[in-house]
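Everything below concerns the one structure shown next.
All values derive from a computational prediction rather than experimental measurement. In what follows, chains carry the letters A, B, and so on, assigned in the order in which the sequence lines appear, proteins first and then strands, with residues in each chain numbered from 1. Worth knowing before you read on, the calculation uses all heavy atoms, side chains too, and leaves out hydrogens, waters and symmetry mates.
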Protein chains: 4
Amino acid sequence: MPGAKPKIVMKPRGRPRDPKVRAAILKAARELLDSGGLTAVTMEGIAARAGVGKPTIYREWPNAHSVALSAFLEFTPSDMELRASASPIADLKQQLRKLAALFASRTGRGVTALIAATQGETELMKAFRHHFILKSRAEGQKLLERAVAAGDVRAGLNMDVALDLIYAPIYFRLLIGHAPLDSAFTDDVIDTVMAGLKPHKR
Amino acid sequence: MPGAKPKIVMKPRGRPRDPKVRAAILKAARELLDSGGLTAVTMEGIAARAGVGKPTIYREWPNAHSVALSAFLEFTPSDMELRASASPIADLKQQLRKLAALFASRTGRGVTALIAATQGETELMKAFRHHFILKSRAEGQKLLERAVAAGDVRAGLNMDVALDLIYAPIYFRLLIGHAPLDSAFTDDVIDTVMAGLKPHKR
Amino acid sequence: MPGAKPKIVMKPRGRPRDPKVRAAILKAARELLDSGGLTAVTMEGIAARAGVGKPTIYREWPNAHSVALSAFLEFTPSDMELRASASPIADLKQQLRKLAALFASRTGRGVTALIAATQGETELMKAFRHHFILKSRAEGQKLLERAVAAGDVRAGLNMDVALDLIYAPIYFRLLIGHAPLDSAFTDDVIDTVMAGLKPHKR
Amino acid sequence: MPGAKPKIVMKPRGRPRDPKVRAAILKAARELLDSGGLTAVTMEGIAARAGVGKPTIYREWPNAHSVALSAFLEFTPSDMELRASASPIADLKQQLRKLAALFASRTGRGVTALIAATQGETELMKAFRHHFILKSRAEGQKLLERAVAAGDVRAGLNMDVALDLIYAPIYFRLLIGHAPLDSAFTDDVIDTVMAGLKPHKR
DNA sequence: CGGTAAACGAGACGGTACGTCGTGTCTTTGA
DNA sequence: TCAAAGACACGACGTACCGTCTCGTTTACCG
């Protein structure tokens, strides 16, 4: 698509933002999230820890939660580069394990709480959804399609529902905490989803 | 230790608590949660709206979130009295629809956010889990067992995982908001879980 | 006027204000004014030094300047109890000396700056004017009237102008600082005002 | 000192300063002082209103108050060109009227507050004192001396005190605001100072 | 029936964090 | 090399709630 998107550059006047400052802020936010949980992530705390003025933070983020989310997004490899193996189902299990590990981490736990605490349709929510939920689902969808092609999964399945069945349990256990979130569980999820609950016809 | 726990009644001296005050507090909390979301639920706000002193609230609840949760629990029929029909699967669908409706309501949405925002293992969390999650799961388990007995569901399934597959998607859509949470969806969840993803053997 | 002024008492509900807190705030304000001048008198500074929360101060005063003025008014004997001597003129000189000393002090200097910085007709200004300017003028007026009776001052003088001539130079020197403000000066002011600039008729 | 001070011209390299910029800054400062009082005069406000960068202002003035004072000095005829009449006393009255009018203006009121708020011996203070107070006093002194020569004023008067008596009341009324500052008042000041308070000997 | 103890409203209090504004210094690009 | 634009560290602003406390008042019960 050459020539498209004229990319209005709007050359920025004045002193450019210092990337080191941005990095310090994100680092501070992540450290606070890790050490003190969601409630420890305050604008004042971040500013103090990063050695930065509050207005500097407000210039880029509207509130402390945004900073924490940015930090999470920045520090986390959103494309969790799966080594495609022969079996799409095995790949799915691998992806689920990684996701679970990521969100079960200190920071991940905090971000999950953060997301949950964010009511309504905010920019924050959209960013998170795009970076993690949708990306995971897109990958998952590709894997499922490959599985369909390989004959491991039946055609004509309701893709949206199937994907929810796969990814929802992770967040569910994370939030409710009624049972552990480990790789045995995520593997079981895939197995059970694959097999269904109906008795096998024979 | 038979006969132990003599149940020291500790005859209550002084003025007894006024049940109307308690009701006013819960009412105020619920109204605030409905109208202004989670952030509107503050101790001061509740006290002002209920025409009550702050210490009166602190006498019974440790923080504003607890009050909101109490209000939700109090106002909500936790036993969602299912009319048992002939088909356990149909009953399951019915239960899921009710759950979805409950949590998709203004108040339910608020409580969900509240729960999500509650990090760590608090009394609040436990109460919520007991009243809603575990109760739903217990009912669901009974239904599944009946379905097994009826031959609709295969024996030997991993019950914990199966229940998570059933209930997780509701919270997932509620929290992430990537797709609507309606009865069509909850029905599809049951259907897909039942059928599994594998191609039907013939 | 018996029976008049029904004096609606409006019994104060809730916890009464702690006079010790009030005292601590005023003390802190005065110390700051003394040590760091007007710019050192900040709400945050006062709160920190008094070991008091900011809202506690805002409950009684609208801004830092008010606190400083209150402190000055509180700590200062506004009725500078003059020992009435035989000569009203001598009494006037004595009063002027005291006034000059009061406002030339560290705190007095600060308050003067404060007053000057207060543009417009604020409550603050009115309070200050009432406590110091008007009180001084009232005393001065009495002294002048006694002097008229004693034949030391001519009758029919423009009292307002005369009083301004007496009190203005103190503030003038204080604010402009073009020449020292000492008792020699204040005595000279009285002498010159008394004698006038015209050559003495003989 | 002939030949000395070779007047190192320091050939100005680069872009020369734009005199229009200076004017814009002073104009903005004066407008702000007029419209919003002393507190409205901020570096940021001036820069924004003048369409000028903050450093440009800091290059010439150390703080916002200085700019405001400069603006006042620049826009104001400091030599209030008195038409010398036959009577020095009448000239004095005329001068006092002009002074009062000048400082009673919106801007003048602001500058007065500014001066008063300036504690300590700053450059600002000195500049103001030199431009207005001392200049007025010098003129006044000349007039008084002429009056002495004319026999209207007694010789041997304490000149410093006399001048304070003349000029102080203007600032006093301006700052305290207990009574109006009009030409009737300034005329009365002169009259009363001239006549003194003592009864006329006969 | 009168004392006493707790509940209750009101609100003061020491705090913490909020989000904004102004300061004075700096580092860019553009003229 | 000056000017504009604006980033930056800093610090104070005034507000909102927090959770604790001290009041005076009300309402039961118990002696």
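Between C:His65 atom NE2 and F:dC13 atom C1' the separation is 13 Å, expressed in whole Å. For the pair C:Glu60 CD and F:dG14 P, the interatomic distance rounds to 16 Å; values are reported in whole Å. The distance from atom CD1 of D:Ile57 to atom C1' of F:dC2 is 15 Å, rounded to the nearest whole Å.
Of the possible donor and acceptor atoms, none in the side chain of D:Arg30 sits under 3.5 Å from a partner among the backbone N and O of D:Ala71.
The stretch residues 15-26 of chain A comes close to DNA chain F through A:Arg15, A:Pro16, A:Arg17, A:Asp18, A:Val21, each having a heavy atom under 4.0 Å from the strand. Of the residues in residues 42-50 of chain B, those placing a heavy atom less than 4.0 Å from an atom of DNA chain F are B:Thr42, B:Met43, B:Glu44, in numerical order.
Distances shown here put every side-chain N or O of A:Thr56 at or beyond 4.0 Å from the OP1 or OP2 atom of F:dC8.
The side chain to side chain donor-acceptor pair (under 3.5 Å) check on B:Ser70 picks up B:Trp61, with sequence neighbours excluded. By the side chain to side chain donor-acceptor pair (under 3.5 Å) test, C:Thr112 pairs with no residue at all, sequence neighbours left out. Residues that satisfy the salt bridge (Lys or Arg N to Asp or Glu O under 4.0 Å) test with B:Arg49, not counting sequence neighbours, are B:Glu31. Every side chain to side chain donor-acceptor pair (under 3.5 Å) that D:Ser66 has, sequence neighbours left out, goes to D:Asn63.
Residue-to-nucleotide contacts include no donor-acceptor pair under 3.5 Å from the side chain of C:Lys54 to the base of E:dG15.
For the pair A:Val41 and D:Pro62, nearest-nucleotide mapping onto DNA chain E gives the more 5' position to A:Val41. Nearest-nucleotide positions on DNA chain F place D:Gly53 closer to the 5' end than the other of D:Gly53 and B:Tyr58. Residues D:Gly51 and A:Arg59 each lie close to DNA chain F; by heavy-atom proximity, the contact nearer the 5' end of the strand is made by D:Gly51.
With rounding to the nearest 0.5 angstrom, the CZ atom of C:Arg109 is 11.5 Å from the CG atom of C:Leu114.
Just one of A:Ile57, A:Leu26, A:Val52 meets the side chain to side chain contact (heavy atoms under 4.5 Å, CB included) condition when paired with A:Val21; it is A:Val52.
Between C:His65 and C:Leu38 the shortest side-chain heavy-atom distance falls below 4.5 Å.
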Test log, rule side-chain contact (heavy atoms from CB on, under 4.5 Å), inputs C:Ile25 and C:Arg22: CA-CA 5 Å; C:Ile25 291 171; C:Arg22 191 175 194 280; 5.7 Å; no
